[in-house]
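Written out below as structure tokens is the structure these notes cover.
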Protein chains: 4
Amino acid sequence: MRKAPRQARSRVTVEAIVEAGARILSEHGWAEFTTNKVAEAAGVSVGSLYQYFPDKLSLIEAIRRRHLDDCLAIMRRSGEGQKSVERFVDDLVRDMFAAHSLNPGLHRVLLDEAPSFDATRDPHSAFEAEYIGHYAAAVEAYRASAEGASNRVMAMILSDVMDGVIHNAARRGMLGSVELKQELVRLLCTYLAASDR
Amino acid sequence: MRKAPRQARSRVTVEAIVEAGARILSEHGWAEFTTNKVAEAAGVSVGSLYQYFPDKLSLIEAIRRRHLDDCLAIMRRSGEGQKSVERFVDDLVRDMFAAHSLNPGLHRVLLDEAPSFDATRDPHSAFEAEYIGHYAAAVEAYRASAEGASNRVMAMILSDVMDGVIHNAARRGMLGSVELKQELVRLLCTYLAASDR
Amino acid sequence: MRKAPRQARSRVTVEAIVEAGARILSEHGWAEFTTNKVAEAAGVSVGSLYQYFPDKLSLIEAIRRRHLDDCLAIMRRSGEGQKSVERFVDDLVRDMFAAHSLNPGLHRVLLDEAPSFDATRDPHSAFEAEYIGHYAAAVEAYRASAEGASNRVMAMILSDVMDGVIHNAARRGMLGSVELKQELVRLLCTYLAASDR
Amino acid sequence: MRKAPRQARSRVTVEAIVEAGARILSEHGWAEFTTNKVAEAAGVSVGSLYQYFPDKLSLIEAIRRRHLDDCLAIMRRSGEGQKSVERFVDDLVRDMFAAHSLNPGLHRVLLDEAPSFDATRDPHSAFEAEYIGHYAAAVEAYRASAEGASNRVMAMILSDVMDGVIHNAARRGMLGSVELKQELVRLLCTYLAASDR
DNA sequence: AATGAATGAGACTTCATTCAT
DNA sequence: CATGAATGAAGTCTCATTCAT
């Protein structure tokens, strides 16, 4: 961001812009995400938008950061406390599906369509590291067998499975399907708890 | 396509255009996929591109169709013959990783970034139906337990898992990782072969 | 128009664009009427043109509307007051020739060359109706004989005669010819005042 | 034309091209009149079109020349023989309306839309000269009064009146209206026969 | 001669960004 | 600080014309 908002009024403006941007991205996709439209939707002038964001990219980054922070919060919460595998997986799936049900399109657009200068999407970004880290911790805590790959690779697989199922469920309008969620839970539990064969 | 190429020369041109388009899409993403750049990369003029494709969208469709046909061919081949679960899963993972190793970014861009007029991305498209159908046949053949979801939902999950893992492996440059592939194989076998608990 | 100009500055811009468009149309015809050339002639950028006119067609409509409004104003004025036939016809011919002398080619281009979305050129448009209406009122007031066609058909003929003579006079560069104007007056008076034969 | 067609086959080809061009111009207007479409409609390749016409303009000129020759033929015929004013005017109006009823759009497009390098539309062209000449001869033969303008100006007015009424009748779909034709005849007779007042 | 594939200048239009008010 | 008018590079697409086969 070009300028940190000092006054309360500015903070409200910035918030309105980010909010409007997220809504447009979610509802109309990357193609309609133009600085002029975002400004109009936020009820401010383009000039004001450029007061706080030096260019379009920095605005996406702000929106992306906010969204990914929400996702990380879910991950953090899911790892808290002592739970059984079943309980852990069940909570995680429920919360992730819920998080993506709010703005089904946003996640996909942010991760796949929107370009990115900084390395949020970089495999070595802080976000990715923490994200995979949470899964790795769960693997550490719950894996039943020494067989198979390293904790880190298992964590990646888990992350990718979650991502793939949610992503495609959103595409099919199946984010609300109980059967799908239950089956995903079963898959994850089976995988984590698999004893040696 | 606007016009079927009659002479040998034009068939070469069309092929060059589709090929160049796929390469740009894969290496530089949707943002750089401009009709002028594709034409230049193909070594022809924009005019030639528009001789065969009425607009930009129809060019993507052609590229997409070619890629998805390749994927379907793999699926079809993988289901042939009598194999053990392990053999089936192993072949499938190997072929799918191989198919995506040629143009690692193409799949993602085609499925997520590039807009689409026709319904290739529609959950009810013929492509999706056949694709899921192949997985459903495998489930039918190999599932070890009656527990869990319907064949159709299991097929979706399998498809989404494969998609998610490959998609993210491409992003991380890990399409060549043997450990990852082995672990994916283990996950899929475990899932399919899971006996009642 | 896409956007109503709020500030004084923008009203000037819009005016300059319409003015430049009319001049190009009149002097160089439809073929040279490109958005870039109009913008340049108006001393603004293409972007500004598209800020106020959603597309090329809407710009022509604006130019057309302005021109036709001028014509209608002349018709309205000519019908006012109590005059002799001679006086009425004389005034009308003088004013019409004068109106077309500013941009001699404009009328022709607008009516014949330039495409039209809305129905300005529709035989049943409001413009046509009012235009013919004025002539019909004049026929009503001045026709000397019951012989001949209905008032409405006479009005059409009068309108077409005026149109044809001015159109071709513009083409021949004869809009200033006194002899031509006098002769047209004579024709119209003779026609209106013709007693039974 | 680039090349005079020597063989019979060539003459047929040229004729087909001119014919197809006239049809497209009449039915679809100037905007659809592209060399590729004309060639296709004529059943030949673009290359063949350019064999006989060096460029697009020369093709229009050929079409225009053919159409104007038809018009002149009507004028010539109408002036033949000894007739009363009424008979002369009646024949002329009938034939002119008939000539324009075949391809109502062609005349307008050729005279107003289509650009022209050579001076067919030039006020001093041979066509214009002969055209006005025919009217001047009629004025010479039939004018009843010395009052009014020169024969030449009267001829212009007559020509313009005919042009204006037919042009607008075509636009209104009234080329078949008997009332309109009768009224035009009445106007022209009145004008020519007007005795001193 | 004929064919039709290929060319590329140029037209229309969008949108990120700047700057006078 | 805010506004919104203005800018212009860049993208999509068309079509007159050429030329290898």
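In the text below, chain A, chain B and the rest are named by the order of the sequence lines, each starting its count at 1.
- For the pair Thr35(B) and dT12(F), the criterion of a side-chain N or O lying under 4.0 Å from OP1 or OP2 is met.
- Within 4.0 Å of Ser48(B), counting heavy atoms only, lies at least one base atom of the nucleic acid.
- With hydrogens and angles disregarded, no donor-acceptor distance shorter than 3.5 Å links the side chain of Ser26(D) to the backbone of Arg23(D).
- Between Asp55(D) atom CG and dA16(F) atom C1' there is a gap of 9 Å when expressed in whole angstrom units.
- Place Ser45(A) and Ala31(D) on DNA chain F by their nearest nucleotides, and Ser45(A) ends up nearer the 5' end.
- Put simply, CZ on Phe33(A) is 16 Å from C1' on dT14(E), counting in whole angstrom units.
- Side chains of His107(C) and His167(C): a donor-acceptor N/O pair is absent below 3.5 angstrom, by distance only.
- As rounded to whole Å, 14 Å separates atom C1' of dT3(E) from atom CD of Glu40(D).
- Note on Arg64(A) versus Glu61(A): salt bridge recorded, some NZ/NE/NH1/NH2 to OD/OE distance being below 4.0 Å.
- Atom P of nucleotide dA5(E) and atom CG of Leu49(B) are separated by 15 Å, given to the nearest angstrom.
- In this structure, CD of Gln51(B) is placed 13 Å from C1' of dA16(F), rounded to the nearest angstrom.
- Atom-to-atom, CG of Leu59(C) to P of dT13(E) comes out at 10 Å; the value is rounded to the nearest Å.
- Here dC1(F) presents its P atom at 13 Å from CD1 of Ile17(A), a figure rounded to the nearest Å.
- Here dC12(E) presents its C1' atom at 16 Å from CZ of Phe53(C), a figure rounded to the nearest Å.
- In the set dC13(F), dG11(F), dT13(E), dC13(F) carries the atom at the smallest distance from any side-chain atom of Val46(B).
- Checking dA5(F) for Watson-Crick or G-U wobble geometry (two distances, each under 3.5 Å) identifies dT18(E) as its partner.
- Looking at Tyr52(C) and Thr13(C), their side chains never bring a donor and an acceptor atom within 3.5 Å of each other.
- Among the heavy atoms of the strands lying under 4.0 Å from Val44(B) are primed sugar atoms or P, OP1, OP2 only; no base atom is included.
- Here Arg66(C) contributes atom CZ and Leu106(C) contributes atom CG; the two are 8.0 Å apart, rounded to the nearest 0.5 Å.
- Of the two residues contacting DNA chain E, namely Thr13(D) and Arg9(C), the nearest-nucleotide position lying further toward the 5' end is that of Thr13(D).
- Listed nucleotides dC15(E), dA6(F), dT12(F) differ in distance to Ser10(C); the shortest reach to its side chain belongs to dA6(F).
- dA1(E) is unpaired under the criterion used here, namely a Watson-Crick or G-U wobble arrangement in which both key atom distances are under 3.5 Å.
- Regarding contacts with the backbone of dT13(E), a side-chain N or O of Tyr50(C) is found under 4.0 angstrom from either OP1 or OP2.
- When each of Tyr52(C) and Lys56(B) is assigned the nucleotide of DNA chain F with its nearest heavy atom, Tyr52(C) is the one assigned upstream, toward the 5' end.
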